[in-house]
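Each remark here refers to the structure printed beneath this line.
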Protein chains: 2
Amino acid sequence: MSVDSKQINKLLGEHKIRPTKIRKAIAGLLFDGRDKHVSVDDVIALARARDVKTSVASVYNTLNQFAAAGLLRRIAVDGGRAFFDTNLSDHHHFYFEDEERLEDIPGNAIEISGLPKLPKGRQIKSVDVTIRL
Amino acid sequence: MSVDSKQINKLLGEHKIRPTKIRKAIAGLLFDGRDKHVSVDDVIALARARDVKTSVASVYNTLNQFAAAGLLRRIAVDGGRAFFDTNLSDHHHFYFEDEERLEDIPGNAIEISGLPKLPKGRQIKSVDVTIRL
DNA sequence: ATACTTTTTAGAATAATTCTAAATTGAGAA
DNA sequence: TTCTCAATTTAGAATTATTCTAAAAAGTAT
Ligand SMILES: [Mn+2]
Ligand SMILES: [Mn+2]
Ligand SMILES: [Zn+2]
Ligand SMILES: [Zn+2]
């Protein structure tokens, strides 16, 4: 829960992201050891709640940079807003349609078999399973 | 390929959709026996190509109504635009990221096992598998 | 044809996101 | 330190997808 500034610097450094003030602040909000699925608005609200002063554009910039660097995984589940997942392990999701909320499916429960042969010259980037509830 | 007007009327009737002129025209563009994954812009282009005069709002209205009635399945694969799938069978998709295009995964190849127990009081609305390439 | 309801439509509005270009920050050099 | 310059941040404009509004057109029933 308490986020060590050293850890954050290390994390950003390892991903070749310059540890600026707002990047560290947003990283601190997100990487607290808990798995999260946040929208841009969630992050803006988190920032406000902790008196991190920033702009909407910077939140977009930062989340996009983190996703590009592999610090976050972007998930598109419905039209409208994107979610960013702090859980980078190979896993799948429940989507609660009425709450517009994602939740990790526990463990490595799901097995997918019978993957078809791929169109030639293609390779899998990811396999996404979403169970809508 | 040639779309019988009688069939279209029957199809719409069975789904309790009044067979108006533009609904029949759009149904005719979509339900030709081939499986399709179309965006709103695709439908507008198809309509233009066949001299079906309509409006953007009507295309949205019609596709949404068809989806609500179960004549189309709406698929959200990335942010941005929605796709509407004319293939109503239980199936999954390849998504070609560079082309922003969906393709059905042939047959009932994919099997999913190890579905976790659901949060209480919930039931599955759908299980969506997307293989990104 | 008349009356009434539903649909269609152009354009305005909204929402999520990206872009622009100016101000600020920050890292290294002097 | 102060200077320099590139990288970052930001407010607001722009873009894109979609929905809304409210007036006109079409469809249905009498
Ligand atoms: Mn997945
Ligand atoms: Mn959008
Ligand atoms: Zn997750
Ligand atoms: Zn399909």
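Labels below follow one simple rule: chain letters A, B, ... track the order of the sequence lines, proteins then strands, and each chain is numbered from 1. Please read these numbers as outputs of a predicted model, since none were measured by experiment.
Between A/Asp4 and A/Lys6 there is no salt bridge, since no side-chain N of the basic residue sits under 4.0 Å from a carboxylate O of the acidic one.
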**OP:** Between protein and nucleotides 3-11 of chain C, map the contacts as a letter string: B base, S sugar-phosphate only, - none, heavy atoms under 4.0 Å, written 5' to 3'.
**Re:** ---SSSBB-
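Atom CG of A/Leu63 and atom C1' of D/dT9 are 15 Å apart (whole Å). Atom P of nucleotide D/dA17 and atom CZ of B/Phe83 are separated by 11 Å, given to the nearest angstrom. Here D/dT8 presents its C1' atom at 13 Å from CZ of A/Phe66, a figure rounded to the nearest Å. Distance CG (A/Leu12) to P (C/dG26): 14 Å, rounded to an integer number of Å. B/Arg81 has its CZ atom 18 Å from the P atom of D/dT15, to the nearest Å. Rounding to whole angstrom units, CD1 of residue A/Ile26 and P of D/dT8 are separated by 14 Å. Atom C1' of nucleotide D/dA7 and atom CD1 of A/Ile17 are separated by 14 Å, given to the nearest angstrom. Computed from coordinates, the A/Phe84 CZ to C/dA16 P distance equals 13 Å when rounded to whole Å.
Between B/Tyr60 and D/dT18, a side-chain N or O to OP1/OP2 separation shorter than 4.0 Å is present.
Under the salt bridge (Lys or Arg N to Asp or Glu O under 4.0 Å) rule, A/Arg122 has a single partner from B/Glu97, B/Glu99, B/Glu103, which is B/Glu99.
Within the model, atoms CZ of A/Arg101 and CZ of A/Phe83 stand 10.0 Å from one another, a figure rounded to the nearest 0.5 Å. Note that CG of B/Asp78 and CD1 of B/Ile75 are 12.5 Å apart. Values are rounded to the nearest 0.5 Å.
Between A/Phe31 and A/Phe66, the two ring planes are tilted [angle within 30° to 60°].
No side-chain donor-acceptor contact under 3.5 Å links B/His92 to the backbone of B/Thr130.
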